[in-house]
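Scroll down for the structure; my scribbles are underneath it.
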Amino acid sequence: MMNPAAASRPNLTQGSILKALLTLALPIVFGNLLQTGYQLVDAFWVGRLGAGAVAAVAVSFPINFLLMALGSGFSVAGSVLVAQNYGARNLPMVNHIAVQTLVLETALAVVLTVVAHLGSPLILRLIGVGPDIFAQADQFQRILFLGLVFNFGFLMFQALMRGVGEVRIPLYINIGTLALNFLLDPLFIYGWGPVPGLGVAGAAMATLITQFLSTAVGIIVLLRGRSGIQLSFKGFKLDFPLMSRAIKLGVPSSIELSARALGLSVMTVLAASFGTTVLATYGIGSRILALGIIPALGISLACSTLVAQNIGARNLPRAVQTANYAIGISFGGLLVVGLAGYLAAVPLVNFFLKGDEAVSRDAVEFVRIAVFSLCFTGAQQSVSGALRGSGNTLAAMMLTIIGVWVFQFPVAWYLSQHTALGFHGLWWSFVISNVLAATLALLWYRRGDWQGKHLADPLQSKADVVAQLDDKA
């Protein structure tokens, strides 16, 4: 039976492309800012504990990002499949995809939680974390790893909502849980009354609690069925053909995001080789740059959804126009963000750390060197979003792997280890790799292969899906 909430939702495959793109992108950008807010709030309170505590959190960030990347690929698959079927108004299949991909994502999260939690000390030794921060980093990331199931669950919830064009509900949930996290952080870090102060580990504990709450609310929203998707496990059976298709789409996205995360980890190793001061500098600077990229990621996700919905509606010219709009908006918007980041580098760095002039000075230099190259990252992200929306997650994966492992890491290693720049070469590697990666992505995009050769498999008719679901029930 057709979900009335989904049937009455605005059709984003018609009308103004710019309006549709911004309607989706702006709440996604704000939502991603709030998600990053967890780390910003943690950094704000942890920064009061000193450079060692900041370095302990900085070490854990790329590892946690890597694990999140492994699960994000399947949320990308769920979003693309939902969006394409939603664009074709194939609503029973939308609900079916939601259940199957959520189960797939949860199973992966459980496996990764066990492996990561047990392997935490080994991971830190492989990175080369010094004894001065080893215990703090281990405590912090072990608690974060326990929240992978909730993190993955909320990622999938956001992806499913994005697939049907509903981006406000995840935003509201993020606002509430971030506000709670800001209150819980000082409580668990410094302690109050009967609650003992846990130091760095307290920040992870506060994040774990709020992640659980956000996922619980998201599942309730899906079960109620008023958001465009009706989640139901009645008569549930594993749909192996559908899961196989989700894996086919999701694995390249997981590899893509994991390659980026591993690149961050390797960059962390390079920074760590120069000592705790440079590691703390890299941790602060890379966080600020990650904050600056958030608008590009929002536009990329919106582009992916709209391209997928238009392909589902068999409106390829509009899908191409949407991608063109996204590339232009992302490049121009990130150019403005770069200017703002350059001018505000000092207060941004001081937000994360006070009292260590050497780290603050180097972090400001890092930000000012790299921030103007973010516009190129924006263009590349929009190209990747268009590719994912068309079902060509393999090409998006290749662009990222080349950008990180062929461009950035070799440049960073050479400049930092074999030139007079020293650790400053790490900062310049961001500029060089961003420009080269964007140039390659735009050349790939201009070829137009993604417009016809890599589209997702033909959609089933609504009657076939209803019959299929009746058989499964």
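Just so we're clear, the structure is a prediction, and the values are computed from it rather than from any experiment.
- In this structure, His96 NE2 and Asn85 CG are separated by 10.0 Å, a value rounded to the nearest 0.5 Å.
- Contacts classified as ring-ring contact (aromatic ring centres under 6.0 Å, His included) and involving residues 202-231 (residues at least two apart or in different chains) are given here: Phe150-Phe212.
- The shortest heavy-atom contact between Ala323 and Cys303 is CA-SG, 3.9 Å.
- Contact annotation: the side chain of Leu24 never approaches that of Ile299 to less than 4.5 Å [non-hydrogen atoms, C-beta and beyond].
- When all heavy atoms are compared, the tightest approach of Ser300 to Gln381 is OG-O, 2.7 Å.
- Pairs engaging residues 111-123 under the side-chain hydrogen bond (donor to acceptor under 3.5 Å, both in side chains) rule: Ser120-Asp138, Ser120-Gln141 [sequence neighbours left out].
- Take Phe30 and apply the ring pair (Phe, Tyr, Trp, His ring centres under 6.0 Å) test, not counting sequence neighbours, and it matches no residue.
- Residues passing the ring pair (Phe, Tyr, Trp, His ring centres under 6.0 Å) test with Phe430 are Phe366, sequence neighbours excluded.
- Using a 4.5 Å cut-off on side-chain heavy atoms (C-beta onward), Ile247 and Phe74 make contact.
- Of all heavy-atom pairs between Leu334 and Pro295, the closest is CD2-CB, 4.1 Å.
- Closest heavy-atom contact between Met267 and Ala412: SD-CB, 3.5 Å.
- Cation-pi contact between Arg89 and Tyr86: present, with separation from the ring centre below 6.0 Å and deviation from the ring axis of at most 45°.
- A heavy-atom distance below 4.5 Å is found between the side chains of Leu387 and Leu399.
- Within the 4.5 Å cutoff, the side chain of Asn95 has no heavy atoms near those of the Leu231 side chain.
- Contact record, Leu102 with Ile219: CD2-CD1, 3.7 Å, taken as the closest heavy-atom pair.
- The minimum heavy-atom distance between Ala437 and Gln380, with the atom names listed, is O-CG, 3.9 Å.
- When the side chain to side chain contact (heavy atoms under 4.5 Å, CB included) test is applied to Val76, the partners found at least two apart in sequence or on another chain are Val80, Ser253, Arg388.
- With sequence neighbours excluded, the residues forming a ring pair (Phe, Tyr, Trp, His ring centres under 6.0 Å) with Phe331 are Phe376, listed by chain and number.
- Contact check for Ile401 versus Glu256: no side-chain heavy atoms found under the 4.5 Å cut-off.
- Of the candidates Ile229, Asn90, Val82, Asp239, Val82 is the only one forming a side-chain contact (heavy atoms from CB on, under 4.5 Å) with Ile97.
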